[in-house]
Amino acid sequence: MAISANALPHAHADEHDHEAYLRKEHLMLDPKPRGEMNALVMESMTTTSWKFWVIAAVMAAIVAIGLFGAWGYMIANGLYLTGKNRPGYWSLFLVHTVFWIGISHAGTFVSALLRVFKAEFRRPFTRAAELMTTFALAQAGIQIFAHMGRVWLAYWMFPIPNQRLLWTNFHSPLMWDFLAINTYLLSSTMYLFLPLIPDLAMARDRSTGWRKSLYRILAMGFRGTEAEWTHLRIALNIFAFAILPVMFSVHTIVSWDFAAAMRPGWSSTIFGPYFVVGALQSGVSAVAMVVITIRYTMKNMDYFIRKEHFDALGKLMLIISMSWAYFFFNDYMVQWYGGDKWTDALLHFHEAGPAGWIWFMMLITNIAIPWLVLWNKNWRRNPVMLFTVGLLANVGMWAERFIIVPVSLEINRMPFMWGQTFKPGIEVPMFIGTVAFFILLYMLASRLIPLVPVWEVQEGQMAHSIRKYGKEPVVSVADLE
Amino acid sequence: MANPKIPEFKADWKEGEEGRWGMAIDMDLCTGCQACVAACSMENNVPFVGEEMSGYGRQMAWLRVERLWEGEYPEVKMTPFQPVMCQQCGSAPCEPVCPVFATVHSQVEQLNLQVYNRCVGTRYCANNCPYVVRVFNWADYDRPEPLPNQFNPDVTVRRRGVMEKCTFCIQRIHKAEDQAKSEGREVVDGEVAPACAQACPADAIVFGRMDDPESRVSKLSKDGRAVHLLEELGTNPRVAYLKGGSNGNLG
Amino acid sequence: MTDKNLLLAIFEDIDPAAHAVDALRGLGIHDEQVTVISGTPITEAMLGRKHQWSNVTRFSLGGAIIGFASGCFLAFATPNMYPIIVGGQPLVPVPPSIVVLFEMTMLVMLISTFLGVFLDSRYPSYTPKEYVPEISDGRIALLLDCPGDMEATITKAMTEAGAESVKRAEAQVI
Amino acid sequence: MTNKLSRRDFLKLASLGAATSAVLTGCGPASRYVTREPYTKMPEYNYNGQSTYFATTCRECAAGCGLVVRTMQGRALKAEGNKHNPVNLGKTCARGQATLHGMYNPDRVQSPLKQARGNNPTDTDWDTAISIVAEALNNPADTAFLMGLAPDHLFDLVTDLCKAIGAPAPIRYGALGMFEARATLGEASRAVFARPDMLFFDIANADTVISFGANFLETWVSPVAYTRGYSQMRRGPGGKRGRLIQIEPRLSQTAAKADEWLPGAPGSEGLVAVALGKLYAEKKFGSAPTAFEAADINLAAEASGIPLEKLEHLADLLAEAEHPLVIPGGATLAQENGLETAKAILTLNALLDNPGKPGGVYFTPANPLSNKYQRAATANEMAEFIGKMNSGAIKTLFVHGVNPVFELPKSLGFEAALAKVGQVISFATFPDETAMLADYILPDHHGLESWGYQRVVTGTGQSMVSGAQPSVAPFYNTRATADVLLAAATKAGGKAAAALPFKDEVEFIQDKVSVLVGAEGGFYNAADLPAFWALFQQFGGWWKNDSSLGVPPQTANAISKELKVSAAKPEGEGEFHLFVYPSPILAEAGANKPWLQETPDPTTTVMWNSWIEINPVTAEELGVEDDDVVTVESAFGVVEVTVYKYPAIRPDVVAIPFGQGHTAYGRYAENRGVNPANLFGTTTNGAGDLAFAGMKVKIQKTGKKRPLSRLESKLGVYGIGMSEEH
């Protein structure tokens, strides 16, 4: 892949220096004995400072009050507590649903797509990314249920008949959404679990007490026989290939919730890929943020996560930002050119309305900042800068969804019923609650689950070597499969 | 249900152009007096929501009288008052998007139904309604005693979390149909009117059978002044608006 | 298991393990009598062993078919149980049905793949097994069903091939 | 449903309904004339799912529209128009629709109360109440009755009572009467047509109507009837669409429906009318008659701000028209020169030669019960009455059907005068401002629980009286004021008892309507009273089949009388004319009904509050924006009100709707908006009507903001929130 072919420093006087540099740079070229790596990972899970628990407690409190407390209050009292109205029937809950689903995309993308294309830099953080998928989908689920007027009847959307054999309406994009998100949630959870089994076995082998019992149950008796590895490898291959179309379908269908509606600004054929790329934009940025956080807060992670990973993620973010810009412009151009008066009004409203600054902020944080920062190798290898760009990209993608959902809902074909003032309501604490919930789940998972798939790292290290072409040491990869 | 003919492809599906029930609103006559709004709310147990809520776009009336402005003082003109309610589209965009079949098409009445007790409140239908006529129960609105004495027993009182909209006063249609059936005849023109048409002091709202070419509403809908709201969307609405000066030929 | 005489040979690296496999073959031990256990996926080719049989793909395929069928049921059968016309669309619209078919196919296929791994590997299984924790430290173990009379020969051959240790395998709770 | 009606209650209610009512359709559950029948056949209103309909009269204003109230099992469900009633022919306005929100309002007075001018209310019983009323009737000279414009049967009863005991005749007042300047119109009619009657303007058959600020589609006189007239005019005979031109300083709902709206300056209408007369006469006849001869067209154009070409254009339209009609509106006449303006406009009608012709001006038909036109008291008459109160000459004041503390301009000092009255007895159904200052509140039934009749003054050419009957049993421990007075009269004995020998209200009404038994030309004929009574209830009144509009006398001498019209001199100082109009939705007494509060104003779509309309250019000059709060100050008062930048109002005029600003009157009305009547002055016109439209006010920014609830989108309608550039 192009990313691996990036030029390394040339013509070193001392080739040993160069080899040493290569080893320092690449995890794959810097093997440690498996036992040592296992110990590093186990230590990272079990070394916990008091700060961790303080943060976890704060997060738990935010979740309890901001998310579940507020939600319960809202269920008991009604959706008037939100900022929704006519014509803004949908607003922040759906913004946040799309936001979290977008974040969830990176896990699968990094794990499956990079696995399919054998992008080796993925190895140490596939699990961290997959965990994001599952946890972010859980937040998306909370947001979408919170959105419903009568959430206690949410099971009516399950494909089960009522007593008169009335099933659900498969004409509805929301039903497709329901199926797609369920498929995605289930398959990404399975996809998270399968490669976790050997690492759970590893953890089982070197822990005691309650951890031992936990890992013993979760590892399900895995030993690592040839047959087990074969089943696992085949399954992972199937998953890697099959989960990609599912991933694409999920965000495409999310986009259809909008694109299938006959509204100015929404009814756009490009929305499917535009949303997918947008999801990757926020997702990959979130992966970068998580990877940086892990690297600097968890013990021993500096071995597994290196600047090369920042570099690779930074490049990925740059490419995705460019793709997003392309799709955004594509959508904008066609809508603008169409000349429909309502769409014209909407585009004008995006820029010149009260949320105009959000629209411009979206362009700055999604395009300008990544393009200005990520082209520079040193900058994208700088964790602070990469984290900031990732955070801003997420802000920008939030802004994009905000523009698409509540702002675009303000404009319809009945000017008398255009937007009223917009006041954020209980969605705000609930969103903060889901962020806290995500962080909390992640923190707890980091104590329980080996965040680095050690066997995958070792597998990669086995396959990598430095070969010399003349005097030039070159990284090479053996195809083991 | 009267054995619906189920079409195979979208192109094959065409409800009778005119539908069964329809409305014609003469905008030259409408004085914007809001009697229709009040009448509708009284007939259909529509709650009031208070100053803050109504100012925040949560007013619950099923019917609104629109007006815009043209020009600037002193050459300013108000556009004709235009009562907008559910247009009872033949191809209603709100219907297919509901995941639980809470808004469906009545094959018999050829009306757009909202099934309150099936609604889970996704509000997709409202987003997809180009006429923005659907209102959502954001809360259980307070109607202090003894105001509930006035509840019309023919109309469900909706609770929070469900969508609602104009029904063409289907309870009245059913009553008239039952009456006609018991007398072994068809409903005659003018026998049934929804609350808005019944109250309209200017007689601007005319309601009746669209499948009867002799009915007043059929004739008005075929008048040269008749237009349909957002006709270009192909929703096949059942409410005709009569634009321009009235010529009195059908009054 | 008790009537079998199981030996567990532990190797530190792939090459000695591959030699050991050859040596065993030379001693007339069938490939079926040898189980390789490792902490990283060691392909059969690395040790020069036969390809392992797996049913996972079949489970996948079966799941895909079941998923497609259930998608068909949802998309084509359920609307007819309570026919409701919405928005002037046909009772069974084609494009939305494709979405339903796709999602159901993928869902059941992936669930079946997952369950396939479980079934093929007989998960979960908490019965005692022959295993040593060193394996997850990267060791490669050959677990062989050793004919009683050959134990000494095999032990010797394994040690010569570079085994760290060769010992009677005891089933233990892992 | 939140109503917790137990089965026991339900049975009680149902049996109450059954025991107290007649089986004849049209007689309500409160009927005291019961034909008892065995329950082999249940009364229809006890059938599950069966509705019973009662014809009655709407009491939301005095127009006398007929209602049919749908009831089921003792509850009123819906008020609908009575399609037989010639005033409204089955139609209603928004206020009529919401009348049930008055009856089932949570804040009604539920039982007779004794209170120390609003403090420490305690329940009392009706016997005590009746003795107190009887005592007052024993001192007739110190007793006064202040009554609303409806209902008429009670006014007749009180008139009879006062006449018998020698008390001063009851005074009637209503804010709508003031806003319509009815006395001025009557006086002008006396001057021009030699009869001080209410006039009927036949809009339906006119083909060109010029309305000088008559908001006949909103509240003016009989809005439902005139809306029908408008509707017919637009569909004109033979398909010829009639034309409407509205001249008034702000674009009202009526002006919005006009083909042309001309923002004439307040007080200049008389000048415009005579100018039009002159131009018209010159075009049509070559020269103007005496009345219009002296008109100064340039002055009219200058004073009104209506360009000369426009005036000529209007004169052209009048000249082309077959059935031209000009209408004087209330605010037009509520000027210091109002009477002259009214005369000018009526004389213009005379010049147009329309009086007594289709599409012209008529006298309203003589009423079958009384041919005397009882108009509301003018400001002068009220001032006189208030003076009497202040002098201490009134020991007991009875108030019914009117809320003078709210409806009268504050400048007249009614509230202060009330303190000088020994004893105030209010018959209010609702705890309004006046009732809160009373010593006793002896609540009358709500209109839909009441018997009665209303004489229809205008709105139809058919001579008629609209009948009222209870549609449901009284909901609270209220009592018909007529019954209270009758009982008190009996108790007081003497002349009072002799003059009112009636067992109860119904007997009194039957006595009054008995003159119609066997009357010719009626909608129905009945030979005897019981039959008549049944039909009277069933159809909701009695009316003649044929129109009996009065034809004004030949008008040659009207146009030969000289007209002296000058521009009105405004009262007070300030840059802005104040234009107050009754809210088309709330009018004077709608603010307590929650759905009316939530019904958007037709022109501004504002709900639940008051606003001041300011031209956007003026607003910019003042530096105020939408939702800014400004103080409006006249010489007589100050109010703080929120700005609505109204695109169709003269830059030198500001407008405030009347209807909000209650300090009592239930939870939905209280402390909501402002009462612009607090700004009114004391100047009256030649007929004694208040010149409320001739006020000047100052406007000051306060820096506060108070967002208005509007239905419209400011963004979509005004583009507010979106900058201009693309």
Side-chain angles (χ1 to χ4, degrees), chain A residues 75-90 94 144 147-158 162 166-178 257-258 260-264 266 340 342 405 408-410 412-423, chain B residues 49-50 52-60 64-69 79 82 84 93-104 115-141 159-163 229-230 232-235:
Chain A
I75 290 172
N77 288 284
L79 260 67
Y80 74 93
L81 295 163
T82 66
K84 298 174 209 310
N85 60 6
R86 171 165 72 165
Y89 296 96
W90 288 358
L94 270 233
I144 209 162
H147 166 87
M148 292 174 71
R150 298 205 291 174
V151 67
W152 50 95
L153 299 174
Y155 68 94
W156 285 1
M157 288 177 75
F158 297 176
N162 76 355
L166 175 64
W167 291 66
T168 49
N169 180 7
F170 293 105
H171 298 70
S172 168
L174 288 183
M175 248 353 267
W176 317 336
D177 227 5
F178 178 83
D257 288 348
F258 307 101
M262 50 194 306
R263 289 189 71 94
W266 279 12
D340 170 60
W342 306 117
V405 187
S408 296
L409 279 175
E410 307 276 277
N412 48 49
R413 294 183 179 89
M414 306 298 279
F416 189 79
M417 273 289 128
W418 278 7
Q420 313 276 347
T421 48
F422 177 81
K423 286 180 250 170
Chain B
V49 303
E52 205 182 317
M53 290 269 210
S54 61
Y56 192 57
R58 290 176 180 169
Q59 199 231 28
M60 293 297 292
R64 63 174 184 267
V65 183
E66 294 198 350
R67 62 102 183 83
L68 301 169
W69 296 96
T79 60
Q82 183 173 36
V84 182
C94 56
E95 290 168 357
V97 298
C98 177
V100 294
F101 284 121
T103 177
V104 296
V115 189
Y116 307 123
N117 53 5
R118 181 76 182 161
C119 178
V120 298
T122 67
R123 306 190 287 291
Y124 199 163
C125 53
N127 271 349
N128 213 18
C129 171
Y131 308 102
V132 208
V133 293
R134 288 172 160 265
V135 287
F136 188 72
N137 285 274
W138 301 103
D140 281 326
Y141 296 106
R159 68 169 305 179
R160 70 169 188 271
V162 304
M163 191 58 75
L229 268 188
L230 304 175
E232 67 276 15
L233 298 177
T235 51

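Letters A, B, ... are given to chains in the order of the sequence lines, protein chains preceding strands, and every chain is numbered from 1.
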Legend entry - Side-chain heavy atoms of A:Y89 within contact of B:N128, under 4.5 Å: no

Inset, instruction - Answer with side chain, backbone, both or neither: which region of B:R118 has an atom nearer than 4.5 Å to a non-hydrogen atom of chain A? - result: both

Inset, instruction - Enumerate the residue pairs fulfilling salt bridge (Lys or Arg N to Asp or Glu O under 4.0 Å) with a member in residues 125-138 of chain B, sequence neighbours excluded, ordered by first and then second residue. - result: none

Inset, instruction - Just give me the residue among B:G57, B:G121, B:P99, B:G161 that pairs up with chain A most often, heavy atom to heavy atom, under 4.5 Å. - result: B:P99

Inset, instruction - Would you mind checking which part of B:Q82 comes under 4.5 Å of any heavy atom in chain A, side chain (CB onward), backbone (N, CA, C, O), both or neither? - result: neither

Inset, instruction - Examine whether an atom of A:I144 lies under 4.5 Å from a heavy atom of chain B, and if so say whether it belongs to the side chain, the backbone or both; otherwise answer neither. - result: neither

Legend entry - Distance flag, aromatic centroids of A:W90 and B:Y124, threshold under 6.0 Å: yes

Legend entry - B:L230 vs A:M262, side chain to side chain contact (heavy atoms under 4.5 Å, CB included): CA-CA, chis, key distance, verdict: CA-CA 12 Å; B:L230 304 175; A:M262 50 194 306; over 6 Å; no

Inset, instruction - Classify the angle between the aromatic ring planes of A:H171 and B:F101 as parallel (below 30°), tilted (30 to 60°) or perpendicular (above 60°). - result: perpendicular

Legend entry - Options A:K84, A:M157, A:M414, ranked by heavy-atom pairs under 4.5 Å with chain B, top entry: A:K84

Inset, instruction - For each of A:G149, A:G78, A:P264, tally heavy-atom pairs with chain B at distances under 4.5 Å, and name the one with the top tally. - result: A:G149

Inset, instruction - Enter the distance from B:R123:CZ to A:L79:CG here, rounded to the nearest 0.5 Å. - result: 5.0 Å

Inset, instruction - Kindly compute the distance separating CE (B:M163) from CZ (A:R150), expressed to the nearest 0.5 Å. - result: 12.0 Å

Legend entry - Within-4.5 Å side-chain heavy-atom neighbours: B:F136 and A:Y80: no

Legend entry - Atom group of B:R67 that falls short of 4.5 Å from chain A, counting heavy atoms: both

Inset, instruction - Find the one option among B:N117, B:T235, B:D140, B:V104 whose heavy-atom pairs under 4.5 Å with chain A are most numerous. - result: B:N117

Inset, instruction - Identify the heavy atoms of A:L409 and B:N127 that sit nearest to each other, and give their distance. - result: CD2-OD1, 3.1 Å

Inset, instruction - Look at B:V49, B:V97, B:L68, B:V162 and state which one has the largest set of heavy-atom pairs under 4.5 Å with chain A. - result: B:V97

Legend entry - Side chain A:R86, main chain B:A126, donor-acceptor under 3.5 Å: no

Legend entry - Residue B:L229 versus chain A: region with a heavy atom under 4.5 Å: side chain

Inset, instruction - Look up atom CZ in A:F178 and atom OG1 in B:T122, then write down how far apart they are to the nearest 0.5 Å. - result: 13.0 Å

Legend entry - Option in B:R159, B:Q59, B:E95 with maximal non-hydrogen atom pairs under 4.5 Å from chain A: B:R159

Legend entry - Winner by heavy-atom pair count (cut-off under 4.5 Å) against chain B, out of A:L94, A:N77, A:N162: A:N77

Inset, instruction - Tell me, please, whether B:Y56 has A:K423 positioned over its six-membered ring: NZ or CZ under 6.0 Å from the ring centre and within 45 degrees of its axis? - result: yes

Inset, instruction - Please name the pair of heavy atoms, one in A:T82 and one in B:R58, separated by the smallest distance, quoted to 0.1 Å. - result: O-NH2, 2.8 Å

Legend entry - Partner chain A: residue of B:P130, B:C129, B:C119 with the largest heavy-atom pair count (under 4.5 Å): B:C119

Legend entry - Side chain / backbone / both / neither for A:W167 at chain B, heavy atoms under 4.5 Å: backbone

Legend entry - Contacts of type side-chain hydrogen bond (donor to acceptor under 3.5 Å, both in side chains), residue A:R263, not counting sequence neighbours: none

Inset, instruction - Starting from the C-alpha separation in whole Å, work towards a yes-or-no answer on side chain to side chain contact (heavy atoms under 4.5 Å, CB included) for B:V84 and A:M417. - result: CA-CA 11 Å; B:V84 182; A:M417 273 289 128; over 6 Å; no

